[in-house]
2 protein chains.
Amino acid sequence: MTGPVPVEILADPPRAASGKILGREPRSLRWTAYARKSMDSTRGQVATVAKGMEGDGTPVPQRLLAAATRLFAEQGYDRTSVQEIVEAAGVTKGALYHYFGSKEDLLQEVYARVLRLQQERLDAYANADAPIERRLRDAAADVVVTTIDNLDDAAIFFRSMHHLSPEKNKQVRLERRRYHERFRALIEEGQRTGVFSTATPADLVVDYHFGSVHHLSTWYRPGGPLSRQEVADHLADLLLRALRP
Amino acid sequence: MTGPVPVEILADPPRAASGKILGREPRSLRWTAYARKSMDSTRGQVATVAKGMEGDGTPVPQRLLAAATRLFAEQGYDRTSVQEIVEAAGVTKGALYHYFGSKEDLLQEVYARVLRLQQERLDAYANADAPIERRLRDAAADVVVTTIDNLDDAAIFFRSMHHLSPEKNKQVRLERRRYHERFRALIEEGQRTGVFSTATPADLVVDYHFGSVHHLSTWYRPGGPLSRQEVADHLADLLLRALRP
DNA sequence: CCCGGCAGACTAACCAGTCGGTATGTGGTC
DNA sequence: GACCACATACCGACTGGTTAGTCTGCCGGG
């Protein structure tokens, strides 16, 4: 198992404080900064930029994120070692810790990404110009489709959220809450205008629907008898039917 | 942190093969055997039996299982060390590995227990002598109540199932499937007799309902505005309303 | 006197994160 | 247009700490 350990670097007098600008905590911000600068990558590339991209042309941070997402979903957060992630991404630990402050930061970024996406889409559907039934139905079906498109993220989301440190967990919960409340507002709007039944509190209806959405990753398999759109339509129908007065 | 480490046992000549009856694999069966012999414990106890019971009078295997359940739910399977479990149960590793073959066996037993319980209750409600609407409603509400009564088990179930080895995972899935199918049969019966809508495949309806049930541990907090019975009634109502023709 | 029930020191493996180091690029300066 | 200063991007051996599971041995009852 433990191969030969060549001892080569032993003497090293010129140590002490050299450059070393960002010694401790600003590390976890590096990826965020990077992401802001080159957000939608791969699109507006200027050819000369070949740095940090291997074969596929995807920048290292994205590759790391993709590898981590897949591995976290397959084996769980705790069972995935940093070593596995960097190997899957074709780099080394040095690269990972260059862009991310910790393994946990990687997990948080996975959450942040999927939350941003879903919030955007929900807002678009919810603020559309259409009758409330239509808006709710479209939003409910859309979240199913995008969840199926990112089943890995969904699996990670509901299985590994509790692995986040208290502060990060709180932050994710907060964003999650915003999403929940926007959805609930749709139902309450329909209840006020008499389109939906008021028999069940809107909060509970939201949890009912999203419970099933989160569990898609448990039972839905691409290539099964139902397409994602069919599943989405059915689940949206169930929700709407449950809300009929 | 690391206290003094007294080195006392150093000399130890008389080693070699002693008793050692069940050296390798039959280990994981010990608990099962134990459980069968003293199943409903604490009830028909003959007073003289004080072995292995501390203060509270609960036998060691049960105490271990209870401690493991709580800790797995609180921190997750991987983040709970067997050291923590045995300390919470007031014993040592020797005791744990005397009754259980591995940490994983502990997890599996948690599953097996909750599955047995829920299957029993479902069968009772499903085979009752009542109209199908009533039977489905009662079964749907009951699973909510018992899930709330064992929120820890539910949390472990949907967060840690993938930590089981493939074989054990398959076994749990199989039992889970039986449960699912009994529930689905109820819905199909109602669909055949025209009491329920056939717009949505029964399979999907089951997943819809159980998705929300599994996620109770995410949002339900005892002491909240709704009692477990109220939540159960609402969720059962939602299901029945979604099934109206 | 033997055996189930249990104690607790010990081991072998693993793993997140660190740190000194190299390679490549970029901007300023004479 | 060669030279220097400095920064970014990344490499990979190493450290300190943790952990599941083992093993020897003690103890009390039948």
Side-chain angles (χ1 to χ4, degrees), chain A residues 1-24 27-28 30 33-34 37 48-54 59-61 63-64 77-87 89-106, chain B residues 1-2 5-24 27-28 30 33-34 37 48-54 59-61 63-64 77-87 89-106:
Chain A
M1 283 298 179
T2 40
V5 184
V7 182
E8 296 163 334
I9 309 159
L10 282 174
D12 183 21
R15 42 172 54 264
S18 45
K20 200 65 83 48
I21 301 176
L22 23 76
R24 270 290 90 69
R27 265 261 289 296
S28 50
R30 277 187 243 166
Y34 182 101
K37 275 195 291 188
T48 51
V49 184
K51 189 61 175 298
M53 328 219 169
E54 206 166 78
V60 170
R63 290 216 313 269
L64 283 165
Y77 177 75
D78 281 319
R79 308 212 139 172
T80 304
S81 69
V82 172
Q83 194 57 42
E84 284 178 286
I85 298 172
V86 298
E87 271 166 24
V91 293
T92 62
K93 283 191 175 188
L96 192 153
Y97 284 98
H98 179 70
Y99 290 108
F100 299 91
S102 66
K103 186 185 173 187
E104 207 189 351
D105 281 6
L106 224 42
Chain B
M1 286 295 180
T2 42
V5 185
V7 183
E8 296 163 332
I9 309 162
L10 282 173
D12 182 25
R15 42 173 53 265
S18 46
K20 197 66 81 46
I21 302 175
L22 21 77
R24 272 285 92 70
R27 265 262 289 295
S28 50
R30 275 189 245 164
Y34 183 101
K37 275 196 292 188
T48 52
V49 185
K51 191 62 174 298
M53 327 220 167
E54 206 166 80
V60 170
R63 290 217 312 270
L64 283 165
Y77 177 76
D78 281 317
R79 302 185 109 101
T80 303
S81 68
V82 301
Q83 194 58 42
E84 283 178 287
I85 298 172
V86 298
E87 272 166 24
V91 292
T92 62
K93 282 192 173 186
L96 192 154
Y97 284 98
H98 180 70
Y99 290 109
F100 299 91
S102 65
K103 185 184 174 187
E104 207 189 354
D105 281 6
L106 224 42

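- Between the CG atom of A:Asp78 and the P atom of D:dT19 there is a distance of 11 Å, given to the nearest Å.
- In this structure, CZ of B:Arg79 is placed 17 Å from C1' of D:dA20, rounded to the nearest angstrom.
- Atom CG of B:Leu64 is separated from atom CZ of B:Phe100 by 6.0 Å, given to the nearest 0.5 angstrom.
- When each of C:dA7, D:dC10, D:dA20 is scored by its nearest atom to the side-chain atoms of A:Val60, the top-ranked nucleotide is D:dC10.
- B:Thr92 pairs by the side-chain contact (heavy atoms from CB on, under 4.5 Å) definition with nothing, not counting sequence neighbours.
- Taking A:Arg79 as the reference, B:Asp78 meet the side-chain hydrogen bond (donor to acceptor under 3.5 Å, both in side chains) condition, with sequence neighbours excluded.
- Positionally, the nearest nucleotide of DNA chain C for B:Thr92 lies more toward the 5' end than for the other of A:Gly94 and B:Thr92.
- The A:Tyr99 side chain lies nearest to D:dA9 when the options are C:dA9, D:dC11, D:dA9.
- Between A:His98 and the phosphate of D:dA9, there is a side-chain N or O to OP1/OP2 separation shorter than 4.0 Å.
- Rounded to whole angstrom, the span from the CD1 atom of A:Ile85 across to the C1' atom of C:dC15 amounts to 12 Å.
- If you take CD of A:Gln83 and P of D:dC11, they are 11 Å apart, rounded to a whole angstrom.
- For A:Tyr97 and C:dG20, the OH to P distance is 17 Å, given to the nearest whole Å.
- You'll find a donor-acceptor pair under 3.5 Å spanning the side chain of A:Lys93 and the base of C:dA16, going by distance alone.
- Of the side-chain N and O atoms in B:Lys103, one or more sit less than 4.0 angstrom from OP1 or OP2 of D:dA20.
- A donor-acceptor pair under 3.5 Å is formed between the side chain of B:Glu84 and the backbone N or O of B:Ser81.
- Checking C:dG17, C:dG8, D:dG21 against every side-chain atom of B:Ser102, the shortest atom distance belongs to D:dG21.
- Regarding A:Phe100, its CZ atom lies at a distance of 13 Å from the P atom of D:dA9, rounded to whole Å.
- Contacts of B:Ser81 with the nucleic acid, taken as non-hydrogen atoms under 4.0 Å apart, involve only primed sugar atoms and P, OP1 or OP2.
- Rounded to an integer number of Å, the gap from B:Leu96 CG to D:dT22 P is 12 Å.
- Counting heavy atoms from C-beta outward, A:Leu96 and A:Leu106 have side chains that approach closer than 4.5 Å.
- Closest to the A:Ala95 side chain, of the nucleotides C:dC6, C:dA16, D:dC11, is D:dC11.
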